[in-house]
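Heads up, the thing below is written out as structure tokens.
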Amino acid sequence: MDSQDATFWQNAGLIIGTILLITIGLAVINFMRREAKGNLETEDDLLLPLQQAYKAGQMDSAEFQRIRESIDRQRTGQNLNPPLQRPSPPESTETATPIQPD
């Protein structure tokens, strides 16, 4: 085995090791992001206590429907709180009177 073969295998090992580290790192990052978002629960896990409260009469149908729609919007990624639009000031036809120095 000459020095070129040794260098080749050393570089191949480094490339494979780097690819493995990147793959494992991405898997860990993906898991941590999912856990932080709370996406590990299914929709049924979220709705079960609400359905029980609805059946027990602890909430009315309008409130149950509102919460269910909110969960659906979160699941589909729709914007739950759109930005508020500030009203523009009314346009005035009067002009400001300049201040006269004394």
Side-chain angles (χ1 to χ4, degrees):
M1 181 187 273
D2 61 352
S3 66
Q4 280 187 328
D5 286 342
T7 303
F8 171 78
W9 289 112
Q10 186 178 20
N11 289 338
L14 287 172
I15 291 171
I16 292 171
T18 303
I19 291 171
L20 283 173
L21 283 175
I22 290 172
T23 303
I24 292 170
L26 290 174
V28 168
I29 289 170
N30 188 29
F31 175 77
M32 296 298 282
R33 288 178 69 198
R34 284 181 51 215
E35 187 175 282
K37 280 182 151 181
N39 288 344
L40 298 179
E41 295 178 340
T42 65
E43 185 177 343
D44 292 335
D45 293 339
L46 295 172
L47 286 177
L48 183 62
L50 296 172
Q51 289 172 341
Q52 290 172 345
Y54 174 67
K55 289 178 182 175
Q58 296 173 347
M59 71 171 66
D60 62 357
S61 61
E63 184 177 6
F64 178 74
Q65 188 65 27
R66 182 185 60 80
I67 294 171
R68 185 178 192 135
E69 289 171 358
S70 174
I71 291 171
D72 288 340
R73 282 193 307 268
Q74 280 183 336
R75 186 175 45 86
T76 59
Q78 292 178 355
N79 190 2
L80 299 179
N81 298 318
L84 297 175
Q85 296 287 330
R86 283 189 156 185
S88 59
E91 293 187 25
S92 175
T93 57
E94 299 176 15
T95 59
T97 307
I99 298 176
Q100 300 296 323
D102 289 329

I'd like a table of donor-acceptor pairs (distance under 3.5 Å, sequence neighbours excluded) in which one partner is a side-chain atom from residues 16-30, with atom names and distances.
unit_1	atom_1	unit_2	atom_2	d
Thr18	OG1	Leu14	O	2.7
Thr23	OG1	Ile19	O	2.8

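Atom CG of Leu50 and atom CD of Gln58 lie 10.5 Å apart (nearest 0.5 Å). Remark: Asp5 CG to Gln10 CD distance equals 12.5 Å, nearest 0.5 Å.
Checking side-chain atoms of Thr7 against main-chain N and O of Ser3 turns up a donor-acceptor pair under 3.5 Å.
Contact annotation: the side chain of Tyr54 never approaches that of Glu63 to less than 4.5 Å [non-hydrogen atoms, C-beta and beyond].
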Please evaluate residues Leu47 and Arg68 with respect to the criterion side-chain contact (heavy atoms from CB on, under 4.5 Å), reporting the C-alpha separation (whole Å), side-chain torsions for both, the decisive distance (0.1 Å), and the verdict. CA-CA 8 Å; Leu47 286 177; Arg68 185 178 192 135; 4.1 Å; yes

